[in-house]
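As the structure is a prediction and not an experimental result, all values here were calculated from the model.
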Amino acid sequence: MYPRCLIVDRMRGIFHDVIDLIRTLTHQRVIHMRLSQYFIPTLKEIPAEAVIPSHQLMLRSGMIRGLSSGIYSLLPLGYRVWKKVQQIIREEMDGIGGMELHLPALNPKEIWEETNRVEAFGDTMFHIKNRDLVLAPTHEEIITHIAQAFVHSYRDMPQIWYQIQTKFRNEPRPKSGVIRSRQFLMKDAYSLDNSWEGLDENYQKHYDAYCRIYDRCGLDYFVVGASSGAMGGTGSQEFMVESDAGEDLCAFNMESGYAANIEVASSQIPAVARLDENPDAEKFDTPNAKAIDDLVEQFGIPEERCAKALVYFADDVPWLIFMSGNDQLNEAKLQTALKANLIRPAQDEELLALTGANAGSIGPINLKTKLPQLADRRLEHANGMVSGANVNGFHFKNIDLDRDADIKEYVDLRTVLEGEPDPIKGLPLKVKKAIEVGHIFKLGTKYSEALKANFLDDKGEEHPIIMGSYGIGVERIVACHIEQRHDKDGICWHPSIAPFQIQITGIKVEGDNVREHAEKIFADLEGEGYEVLYDDRTGVSPGFKFKDADLLGMPINVIVGEKNLKDGNVEVKIRKSGDRKIVPVADVVATCRDLLDELMAS
RNA sequence: CGGGGUGUAGCGUAGCCCGGUAUCGCGCCUGCUUUGGGAGCAGGAGGUCGUCGGUUCAAAUCCGGCCACCCCGACCA
């Protein structure tokens, strides 16, 4: 037993230990937010490999570092942004009842063979060399596998499961920095339903959540109807950000409200009219005509009266395809029309073997081999057409496709062009490049059927689970944000995903007055809960600090220097607008709060 | 996979055509002076010239193979 005074001393000692611990923790937290300590390797010059602004600025601001083609390290400043985007996604996914889980990136190849997707992905999927394992490019198979094991009753649904996970895709050509890379983060969500109405509801919930996510990230985006591609399914939409760095083309007319990926976009371009006169088809000499334009120039044939014939293989079956004039075949539409896993144009030798002629002289009459035929709907019942004779150097004229060809079906196969009338109001279409930042799919039962994920309904009947699949590219949000919010000096972060909301620039912090005020403001702003990066570097010229601050692009820069301090003021600069305010030291916290609230809402 | 280009210090580059052991700027280290828009002076460190082979007395430079990266195209649930 201690004498009383010793107990008091001891308690006093513990009390002081706790205070010291708090001081230590606070001190450690603060010291990491100092530019003199924080690892931000900025670059003055633009690295040669970076072409687009977001890539250049991510490198220059020390957010990322390339390791290999399409593979990037996320450095501390960049990773802060990544985490913020993920947090916004988590909050909105949780908000629609999503449950976060985490699936393995390493998958048995076998499960991917059951859905035929080892073949469908082909070289895009990474394979492990010394085991029968693959690196997952997406997770429908694994989700369905879990559903198959545990979801057996209509009472078990609906479900929304999601994860934020690293995906691996062996892109043939990684490009544009993190926009097309071989390892990237994706939020992928999957809905399980016992009815098609349920799927519609879950799809709509995701649509709404996605809008909130992109709004909160400060992105300017639009939504387009999209192709379901080899994923299968009954409907899908893509969330797009307009950008010259984009790899997708979108056709739209704002006034009529039409917007679609060029892969599915259609127009009201008129069909080729049927002529009253309909003489027999007649072969004629065309020694120098290999392209539609040659026929138009040499023989004065109207472009649309030419039936361009192409041969495509759909899962190893050759098809003869007809298009009007120079209309461009849309391969996505063709793939959908033929319900094929893989399509490809025939090669020269194959053309010769199948038709008897080379490209440019192929047509419906005198084919060497009988081929299934498909034509664009513009050509429905068209006659008076010119097409190849299946002998090099000859064409037929006066072809009646109803009479002289054996076309199974007329479907929309053409790629729309800017200026054509849109399908809703017939207003002129615009076409622009965009980056896909999200995609929502009504998958249906493709995977549940393949993996036998069935449930019993209230009548005891067995059905495949009805699924939806919903993806967001995390790095694309960051890249698009920078693409949309930068100027000649650097990034202009929206406060929602900025690595720090506030930067403090100390001018000549060697001086006691400046340093003490800057430290005080630093502590006050952190005390208010803001994330603050304090440029406390000594021996660095003011110009250097300003340039760095503009490059890093925090929404607000508080400049503490003797120039204003002698009047009791500091300067508060808004990165995006460039506006500057001179405010009394005592008002800094309130000013920052007001400005950030304003910027957050903008 | 087809076409084009590049590889020289941490970054950006000159030299290559016409062979003689590598230029300049930025950055980095030391010292002094500077400090409101990428400071000055002085001194210093750092390079198997992507890699392997060939030609030559001698190769960053000429020839060939390979590798990596970038751009255009094809491809891209």
Asker: Test of understanding: with salt bridge (charged side-chain N to carboxylate O under 4.0 Å, His left out), list the residues that count as partners of Lys520(A), not counting sequence neighbours.
Answerer: Asp524(A)
Asker: Heavy atoms only, 4.0 Å cut-off, all strands: where does Arg182(A) land among base, sugar-phosphate and nothing?
Answerer: nothing
Asker: Less than 4.0 Å between a side-chain N and a carboxylate O, is that true for Arg515(A) and Asp536(A)?
Answerer: no
Asker: At under 4.0 Å between heavy atoms, what does Asn564(A) touch on the DNA or RNA strands: base, sugar-phosphate, or nothing?
Answerer: base
Asker: Would you mind classifying the nucleic acid contact of Glu510(A) as base, sugar-phosphate or nothing, using non-hydrogen atoms under 4.0 angstrom?
Answerer: base
Asker: Taking any heavy-atom pair under 4.0 Å as a contact, classify Glu49(A): base, sugar-phosphate, or nothing.
Answerer: sugar-phosphate
Asker: Regarding Pro47(A), tell me which of base, sugar-phosphate or nothing describes its non-hydrogen contacts under 4.0 Å with the strands shown.
Answerer: sugar-phosphate
Asker: Need one value for Val540(A): base, sugar-phosphate or nothing, where a base atom within 4.0 Å counts as base even if backbone is also close, heavy atoms only.
Answerer: base
Asker: Specify the separation, in whole Å, of atom NZ of Lys547(A) and atom P of G27(B).
Answerer: 14 Å
Asker: Any base atoms under 4.0 Å from Lys573(A), or only sugar-phosphate, or nothing? Heavy atoms, all strands.
Answerer: base
Asker: Has Arg65(A) got a side-chain N or O lying under 4.0 Å from the OP1 or OP2 atom of G10(B)?
Answerer: no
Asker: Give the nucleotide from the list C71(B), G27(B), C69(B) with an atom nearest to the side chain of Ser68(A).
Answerer: C69(B)
Asker: With heavy atoms under 4.0 Å as the rule, sort Ser69(A) into base, sugar-phosphate or nothing.
Answerer: sugar-phosphate
Asker: In whole Å, what is the span from the NZ atom of Lys44(A) to the C1' atom of A39(B)?
Answerer: 10 Å
Asker: Report the secondary structure of RNA chain B in dot-bracket form, marking unpaired bases with a dot and bases paired to a different strand with |, and treating Watson-Crick or G-U pairs with both distances under 3.5 Å as paired.
Answerer: (((((((..(((.......[...))).((((((.....)))))).....(((((..]....))))))))))))....
Asker: In this structure, how many angstroms lie between the C1' atom of G36(B) and the CZ atom of Phe544(A), rounded?
Answerer: 16 Å
Asker: Over all strands shown, is Arg580(A) touching base, sugar-phosphate only, or nothing at heavy-atom distances under 4.0 angstrom?
Answerer: base
Asker: What's Ile559(A) touching, base or sugar-phosphate or nothing? Going by heavy atoms closer than 4.0 Å.
Answerer: base
Asker: For a quick check of understanding: with a heavy-atom distance under 4.0 Å over all strands, which category does Ala50(A) fall into, base, sugar-phosphate or nothing?
Answerer: nothing
Asker: Can you tell me, in whole Å, how much space there is between the C1' of G73(B) and that of C29(B)?
Answerer: 48 Å
Asker: Kindly assign one of parallel, tilted or perpendicular to the pair Tyr470(A) and Tyr203(A), based on the angle between their ring planes and the thresholds 30° and 60°.
Answerer: tilted
Asker: Hey, can you pull the donor-acceptor pairs under 3.5 Å for the side chains in residues 558-570 of chain A, sequence neighbours left out?
Answerer:
residue   : atom : partner   : partner atom : Å
Glu562(A) : OE2  : Asn513(A) : ND2          : 3.1
Lys566(A) : NZ   : Lys563(A) : O            : 3.2

Asker: State whether a side-chain donor-acceptor pair under 3.5 Å links Gln163(A) with Asp188(A).
Answerer: yes
Asker: Would you please indicate if the ring centroids of Tyr190(A) and Tyr447(A) are separated by under 6.0 Å?
Answerer: no
Asker: Just to be sure I understand the rule, does Glu331(A) reach a base, reach only the sugar-phosphate, or reach nothing, if contact means heavy atoms closer than 4.0 Å?
Answerer: sugar-phosphate
